[in-house]
Amino acid sequence: MDRKTAADFFGRAVPDAFIADTPEAERPEVAAMLEGSKGFFEGCARYQVVAEVVEAERCMAGVRVGQRYVMQGAHLDPAQTTGPVCVFLMGMLAQRVGIAFDRFGREGAVSLTLPGAHCTDPGPAVGGFGAVKVRMWIEPVPVTAPAGEQS
């Protein structure tokens with residue numbers, strides 16, 4: 001998703017869907033919560049979380065070194081993601097996306113560093129089957145849609 005599409009999605013579509021799905025949306029508390037979430041939605045529209053595989057050994061899902069996973073909001077962007085979806089690795093990535101979300105909801109500049117992640121299999125060195133490690137960071141959403149993606 002490009003920056004314009006992301007701004008529309010997180011700035012309009014997500015809050016509109018929340019209101020449509022919330023029976024008590026007219027309550028002042030709900031309106032205040034949405035108003036207080038504008039910085040978070042703006043952060044989701046401006047930044048994406050990237051995970052790049054730096055080690056992979058006997059991964060059952062076929063994850064390989066150099067593959068990337070790009071998350072915009074809670075969405076795994078298929079146009080920018082080059083690796084297969086592994087539920088165990090996704091669980092670890094989701095925790096780091098939560099850290100990014102926390103940063104998006106705070107005032108001030110967003111720190112672009114994130115801790116890396118390791119799939120839940122501990123690896124052959126300690127009796128597991130395989131292992132995958134990724135380095136992670138936050139970067140601006142591309143101004144134009146990545147190749148192969150329509151906006």
Side-chain angles (χ1 to χ4, degrees), residues 1-22 33-34 36-151:
M1 158 174 4
D2 62 47
R3 196 171 299 165
K4 182 180 181 303
T5 304
D8 183 58
F9 180 73
F10 291 107
R12 185 190 52 77
V14 171
D16 287 354
F18 177 84
I19 290 169
D21 290 344
T22 305
M33 187 275 300
L34 277 174
S37 298
K38 279 188 177 181
F40 166 72
F41 290 135
E42 288 171 2
C44 287
R46 283 195 306 260
Y47 298 103
Q48 59 191 19
V49 177
V50 180
E52 181 178 52
V53 179
V54 294
E55 291 182 32
E57 187 176 8
R58 292 197 296 268
C59 174
M60 291 178 71
V63 174
R64 301 283 179 249
V65 171
Q67 292 176 323
R68 292 168 47 109
Y69 298 85
V70 179
M71 285 92 17
Q72 292 181 341
H75 172 80
L76 182 65
D77 186 347
Q80 296 186 80
T81 296
T82 60
V85 176
C86 170
V87 295
F88 301 108
L89 182 58
M90 291 300 113
M92 296 297 106
L93 298 182
Q95 294 174 2
R96 298 338 186 259
V97 171
I99 293 169
F101 278 9
D102 182 63
R103 292 177 185 175
F104 296 165
R106 297 176 186 266
E107 295 291 325
V110 172
S111 170
L112 301 180
T113 61
L114 283 174
H118 188 294
C119 76
T120 53
D121 189 330
V126 289
F129 181 78
V132 172
K133 292 181 183 178
V134 299
R135 68 182 184 100
M136 297 185 73
W137 65 91
I138 298 169
E139 67 183 23
V141 169
V143 173
T144 58
E149 181 179 313
Q150 303 292 337
S151 44

Apply salt bridge (Lys or Arg N to Asp or Glu O under 4.0 Å) to K38 and list each qualifying residue two or more places apart in sequence or on a separate chain.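 For K38, the residues satisfying salt bridge (Lys or Arg N to Asp or Glu O under 4.0 Å) (neighbours in sequence not counted) are E35.
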
Do you know the tightest heavy-atom contact between [X] and [Y]?
X	Y	result
A74	F101	N-CZ, 3.8 Å
T5	D2	N-OD1, 2.7 Å
A45	A7	CB-CA, 3.6 Å
C119	A131	SG-CA, 3.9 Å
Q67	R64	OE1-N, 2.6 Å
V141	C44	CG2-O, 4.4 Å

Any donor-acceptor N/O pair, R68 side chain to T82 backbone, under 3.5 Å: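 Side chain of R68 to backbone of T82, a donor-acceptor pair under 3.5 Å: no, none is there.
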
Report yes or no: does D8 contribute a side-chain atom to a donor-acceptor pair with the main-chain N or O of A13 at less than 3.5 Å?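 Not at all, since once roles are kept as given, no pair shorter than 3.5 Å links the two residues.
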
Pair listing, ring-ring contact (aromatic ring centres under 6.0 Å, His included) test, anchored in residues 45-68, at least two apart: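 Every ring-ring contact (aromatic ring centres under 6.0 Å, His included) pair that includes a residue of residues 45-68, provided the two are not neighbours, is Y47-F104.
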
Should we say atom CE of M60 is surrounded by more than 12 heavy atoms from elsewhere, each under 6.0 Å from it?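 12 or below, so no.
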
Counting only heavy atoms from other residues, nucleotides and ligands, does the tally under 6.0 Å from CZ of F40 exceed 12?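 Yes.
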
Are the side chains of [X] and [Y] in touch, meaning some heavy atoms are under 4.5 Å apart?
X	Y	value
Y69	P84	yes
L93	M136	yes
C86	M92	no

If you apply the rule side chain to side chain contact (heavy atoms under 4.5 Å, CB included), what do you find for L76 with M90, and how did you get there? CA-CA 10 Å; L76 182 65; M90 291 300 113; 4.2 Å; yes

Non-neighbouring partners of I99 that pass side chain to side chain contact (heavy atoms under 4.5 Å, CB included), sequence neighbours left out: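 Side chain to side chain contact (heavy atoms under 4.5 Å, CB included) check on I99 returns R96, R103, L114, P115.
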
Passing option when Q48 is tested against M1, H75, Q80, M71 for side chain to side chain contact (heavy atoms under 4.5 Å, CB included):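 So the option named by the test is Q80.
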
